[in-house]
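So the structure is just underneath, and the comments pick up after that.
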Amino acid sequence: MNQYYFKITHYADELLADLKKLEGGWPKQVLTMQENWIGKSYGLEFKFSFDAASHERLSGNFDGFEVFTTRPDTIYGVSYAALAPEHEIVSYMIQNSLLDDNTREQIESMKNASSIDRQKEKSGVALNLSVVHPLTKKSVPVWVANFVLMDYGSGAVMAVPAHDDRDFEFAKKYSLPINAVIKPFNGEADNTKAFTEVGELFASEQFNGLNSKEAQAKIIEHFEALGIGTKKTNFKLKDWGVSRQRYWGAPIPFVHCDDCGLVMEKKANLPIALPEDIVITGEGNPLDKHPTWKHCKCPSCGKNALRETDTMDTFVESSWYFLRFCASPQNWEDKAFSAEQIKYWMGVDHYIGGIEHAILHLLYARFFTKVFRDLGYVSFDEPFDRLLTQGMVLKDGAKMSKSKGNTVDPDAIIEKYGADTARLFILFAAPPTQELEWNDSAVEGAYRFIKRFYERSSNIVKTDSMPQIDHGSLSKDEKFARKKVYEALVRANDVYVEKYTFNTMIAGVMEAMNALNAQSNSAVWSEAYWILTSIMEPVIPHVCSEISSNYFSLKNLTSQRVLDEVFVQESITLGVSINGKARTEIEVSPDASNDVIIAAAKESAAKWLEGQTIVKEIVVPKKLVNIVIKG
RNA sequence: GCGGAUGUGGUGAAAUGGCAGACACGCUAGACUUAGGAUCUAGUGCCGUAAGGUGUGGAGGUUCAAGUCCUCUCAUCCGCACCA
C-alpha cells in the first residue's frame with residue numbers, strides 16, 4: 001500500500017541539536033525522551049561480499065549486502081553475519097526456491113510473529129551462503145536471525161558474539177564460534193557472557209593493544225583508506241507516515257489520473273474540504289464510499305480523475321494550531337496565519353500538557369516550526385519556550401480514564417462547595433508537575449478557608465486606594481501580620497512568574513491569615529485584603545472579586561508593589577547549635593556584631609558549654625550560630 | 001537492558017547547604033452548644049514522666065553544618081526497548 005510521508009528525518013540533526021536550546025525551559029525527561037527517540041549513533045558501514053559459490057547460487061543477482069556497526073573495534077571477532085527475515089536477499093531465495101521447505105517455514109514464522117513474540121527468544125536459520133570478512137578474508141556464514149530489524153540500518157548485521165549480548169545468545173543456541181578480541185584493561189574476560197565494555201584489543205592484527213575508543217576511529221580510517229567502508233551516522237527516527245484511512249482528518253490534496261499518474265491538486269482548489277453528508281459505518285474509509293466526493297478533474301490534463309481519499313494524521317494539524325491561534329478571524333479565509341501577527345504573539349511562553357505528548361506532538365510541532373522557518377513564514381527555531389508537563393491524576397493507583405471507569409466528577413464538589421473550593425483544593429493538593437493520587441478528604445479544609453476568608457473581610461474599611469500605614473506606630477502583632485502579608489505577595493510573584501508551585505503560595509496566604517487573626521487593626525486588615533484578594537483572584541475568583549467589589553471597587557485587582565519597610569525588624573531570633581545540633585535560641589538586634597551575637601549565644605548555651613573547649617564559632621547572618629566544641 | 005523520575009509524620013505536602021515536618025487534612029483533649037459532620041482554644045514525627053535521645057528508603061563520604069552535594073545500593077513508577 002502506498003503511503004504519504006513527511007521527511008522529518010531531513011531535520012533529525014537539527015531536532016536533536018536544538019534540544020540544547022530548550023534546556024532549562026523544558027523538563028529534562030522530555031528532552032531525554034526526544035533524544036532517545038531521534039537515536040543518533042555513529043559507526044562504520046561496509047559491504048560484506050559473497051564468495052564465488054554464494055554469488056553463483058544467487059545467479060549473480062547480489063554481490064553482497066551492507067551492514068552497519070557502532071563497534072568497528074570488534075571487527076576481528078566477527079563469526080557470522082545475520083539478515084533480517086524480511087531482507088531482499090532472503091525474499092529472493094524464497095521466491096526462487098533456493099531454500100528447503102523447513103528453512104522457508106522457519107523464516108515465514110519469524111516474519112509472522114508479533115513483535116512481542118519475536119522478542120521472546122532468539123531464533124534463526126542458516127542460509128548456506130558465505131561472505132568474505134573484509135579484513136581477514138576468512139569465510140563468514142550468513143544466517144537469518146529474528147533479532148535483526150529490517151527498518152533500522154540496512155537490515156543486516158555483522159555478528160560478534162564475544163562482545164554483543166544478542167549475538168552471544170544466538171551463537172550459544174546454534175553453536176557458532178565465539179571469538180574474543182577485546183579484554184578488560186585489568187584481568188581476563190568472563191567467557192560465560194559477552195564482554196561489551198570498553199577494553200583493549202587483541203587478535204586484531206595491527207590494532208592490537210589499542211583501546212576500544214582509539215580502535216574505533218583507526219579501523220574506520222583503515223576501511224576508508226582501503227575504500228571498503230565509510231563512517232556513517234544512523235538515526236532511529238523514521239519518516240512520518242501521515243496517511244490515514246479515516247474521515248476525521250484533512251484530505252491529502254492529491255489526485256489520481258489515469259494518464260498523468262499522481263498529481264498535486266491546484267493551489268486555487270485548496271483547501272480540499274471534507275464532505276459533510278457522509279455515512280459512518282465503522283467499516284472502511286467513509287470518503288472512499290461517498291458517491292461523488294472523490295470524483296474530480298485532473299489538475300494537469302483536465303480529464304476525469306479520482307481524488308485521494310486518504311486523510312492526514314491529526315497530529316499534522318496539532319503541529320501548527322498555535323500559529324493559527326495567532327491569526328485574527330477576519331483573515332482566516334485568506335491565509336493560515338500572518339507573519340506580522342506571528343511575530344507579535346509567538347513564541348509560546350508557557351506550554352502546558354501531559355507527558356504523553358513528550359515525543360510525538362512536541363517533536364512534530366518542533367519539526368513544523370523548522371519547516372515554516374525554512375519556508376520563510378516564521379523567524380524562530382523553536383515554538384515553545386517553556387514546557388510544563390502536568391502530573392497525572394491517579395485513582396486507586398491507576399491513571400484516571402473513562403475506559404477504566406475510575407474518574408471523579410468535579411461537578412459533585414462544585415455543586416456542594418462551589419467552583420472556588422474545587423480550584424483551591426486542587427491547587428493546594430500538590431505542585432502541578434507532580435503525580436497525584438486523588439483523595440478529596442481535604443476538600444472540607446479548602447472550604448473552611450474560603451468561608452473564613454470571606455467572613456473576616458468584614459474587618460475591611462471600604463476604600464478605593466491602597467491604605468497607607470505608618471509602620472513604626474504598629475504593635476508587634478500588627479507588624480508581624482503585615483510582614484506575613486508581604487511575604488505571601490513576594491512568594492506569589494515568584495510562583496506566578498517562575499515556579500508554579502501554587503500550593504506554597506496558598507500556604508503563604510493561609511499563614512498571613514493566621515497572623516492577621518492575632519491583631520485587630522482595621523487598616524492592617526484592609527491593606528492585607530487589598531493585597532491578598534489580588535493574588536488569590538486567579539485561584540478563587542468568585543470570592544475575591546466579590547470582596548473586591550464590595551470594599552475596593554475592584555481597584556486592587558492588579559499587580560501589587562512590595563514595601564520593603566515591613567521586612568525591617570527590631571530584633572531577630574537566631575538558632576544556637578552546638579556541633580550542628582540545635583540547642584537554644586537567642587534574640588538580638590538585627591545589626592548586632594558577631595562578637596555580641598557569639599557572646600549572647602555562649603551565655604544562652606552555657607549549660608552545654610561547661611567544661612568544654614570551643615574550637616570554632618560560626619555565625620550565619622540572620623539564621624543561626626554554630627559553636628564547635630572538641631570531643 | 002538503556003534512559004528519566006520519585007522515596008520525608010497516620011495523610012497531602014514544605015524546606016537559596018543553615019533550628020526538618022511550614023501550610024493543611026486527620027486525630028486527641030477542652031470550650032461553646034438541646035445537638036454537632038458548625039465554630040473556637042490547646043496538643044500532635046517517633047522513644048521517654050522528664051532531662052534527653054532519635055529521625056528525611058539503606059550504606060558510606062565531603063562539610064562547622066546534609067532531606068539538599070558526591071559514591072554505592074534498595075524499592076516503586078514512567079518512557080524507550082533485540083536500534084547492531
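What's counted below: heavy atoms across the whole structure, side chains too, no hydrogens, waters or symmetry copies. Here is how names work: the chains are called A, B, and so on, in the same order as the sequence lines, proteins then strands, and each is numbered from 1.
- Looking at heavy-atom distances under 4.0 Å, A/V148 makes contact with a base.
- Annotation: B/A75 and B/G57 have their P atoms spaced 16 Å apart (nearest Å).
- Taking every side-chain heavy atom of A/N514 into account, B/C23 is the closest of B/G53, B/G4, B/C23.
- To the nearest whole angstrom, the two P atoms, one in B/C25 and one in B/A81, are 45 Å apart.
- The interatomic distance linking A/Q29 (CD) with B/C78 (C1') rounds to 7 Å, in whole Å.
- If you take CD of A/E617 and P of B/A65, they are 16 Å apart, rounded to a whole angstrom.
- Between B/A22 and B/A42, the distance separating the two P atoms is 15 Å to the nearest Å.
- The CG-P distance, from A/N146 to B/C83, rounds to 12 Å in whole Å.
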* Treat a base pair as Watson-Crick or G-U wobble with both distances under 3.5 Å, then lay out RNA chain B in dot-bracket form, 5' to 3', with | for cross-strand pairs. => (((((((..(((.....[....)))((((((.......))))))(((....)))..(((((..]....))))))))))))....
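- A/R448 has a side-chain polar atom (N or O) that falls below the 4.0 Å cut-off from OP1 or OP2 of B/G26.
- Taking atom C1' on both nucleotides, B/U63 is separated from B/G17 by 9 Å, rounded to a whole Å.
- Rounding to whole angstrom units, CZ of residue A/F502 and C1' of B/A24 are separated by 18 Å.
- Without hydrogens or angle criteria, A/D164 side chain to A/A159 main chain gives no donor-acceptor distance under 3.5 Å.
- If you find the closest nucleotide of RNA chain B to A/N36 and to A/T70, the one lying nearer the 5' end belongs to A/N36.
- Ring to ring, A/W143 and A/F170 are close: their centroids are under 6.0 angstrom apart.
- Residue A/M158 forms a side-chain contact (heavy atoms from CB on, under 4.5 Å) with just one option from A/L44, A/I75, A/D167, and that option is A/I75.
- The six-membered or imidazole ring of A/Y417 lies away from that of A/F425, with a centre-to-centre distance of 6.0 Å or more.
- The C1' atoms of B/U11 and B/C2 are separated by 36 Å, rounded to the nearest whole Å.
- OP1 and OP2 of B/A20 both lie 4.0 Å or more from every side-chain N or O belonging to A/K581.
- Residue A/R583 has a polar side-chain atom (N or O) positioned under 4.0 Å from OP1 or OP2 of B/G53.
- Residue A/R166 places none of its side-chain N or O atoms closer than 4.0 Å to OP1 or OP2 of B/G1.
- With both ends at atom C1', the span from B/A5 to B/G10 equals 26 Å, rounded to whole Å.
- A distance of 7.5 Å separates CD1 of A/I219 from CG of A/L135, quoted to the nearest 0.5 Å.
- For B/C64, the OP1/OP2 oxygens have a side-chain nitrogen or oxygen of A/K616 closer than 4.0 Å.
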* Determine, step by step, whether A/W525 and A/R456 satisfy the side-chain contact (heavy atoms from CB on, under 4.5 Å) criterion, reporting the C-alpha distance in whole Å, the side-chain angles of both residues, the deciding distance to 0.1 Å, and the verdict. => CA-CA 9 Å; A/W525 274 105; A/R456 292 189 188 151; 4.0 Å; yes
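- Atom-to-atom, NZ of A/K451 to P of B/C40 comes out at 9 Å; the value is rounded to the nearest Å.
- The aromatic ring centres of A/F453 and A/Y529 sit less than 6.0 Å apart.
- Judged by distance alone, the side chain of A/S154 and the main-chain N or O of A/E66 form a donor-acceptor pair under 3.5 Å.
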* Could you check A/L22 against A/D18 for side-chain contact (heavy atoms from CB on, under 4.5 Å), going step by step and ending with a plain yes or no? => CA-CA 7 Å; A/L22 302 172; A/D18 281 358; over 6 Å; no
* **Under 4.0 Å protein heavy-atom contact, by nucleotide of nucleotides 8-19 of chain B - B base, S sugar-phosphate only** => ----BSS-B-BB
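- Here A/R482 contributes atom CZ and A/I531 contributes atom CD1; the two are 8.0 Å apart, rounded to the nearest 0.5 Å.
- Residue-environment remark: NZ (A/K231) stays at or below the threshold of 12 foreign heavy atoms within 6.0 Å.
- Summarising the geometry, the separation between CZ on A/F449 and P on B/A24 is reported as 9 Å, rounded to the nearest angstrom.
- Within the nucleic acid shown, A/K607 comes within 4.0 Å of sugar-phosphate atoms alone, with no base atom in reach, counting heavy atoms only.
- Within the 4.0 angstrom heavy-atom criterion, no nucleotide atom of any strand lies near A/G153.
- B/G45: glycosidic angle beyond 90° from 0, hence anti.
- Closest to the side chain of A/M510, from the set B/C83, B/A81, B/C23, is B/C23.
- B/A81 atom P lies 10 Å from atom CE of A/M33, rounded to whole Å.
- In this structure, the CZ atom of A/F480 is 14 Å from the P atom of B/A22, given to the nearest Å.
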Just the table, please: protein N/O against nucleotides 66-75 of chain B N/O, every pair under 3.5 Å.
none

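- By the 6.0 Å contact criterion, CD on A/Q569 is enclosed, its count of non-hydrogen atoms from other residues, nucleotides or ligands being greater than 12.
- With C1' as the reference atom, B/C83 and B/A15 are 43 Å apart, rounded to whole Å.
- Across B/A24 and B/G37, the matching P atoms stand 22 Å from one another, rounded to whole Å.
- In this structure, A/Y447 has its ring center no closer than 6.0 Å to that of A/F449.
- Ranked by how close their nearest RNA chain B nucleotide is to the 5' end, A/I506 and A/F147 are led by A/I506.
- A/Q34 places a side-chain N or O within 3.5 Å of a backbone atom of A/A358 that can act as its donor or acceptor partner.
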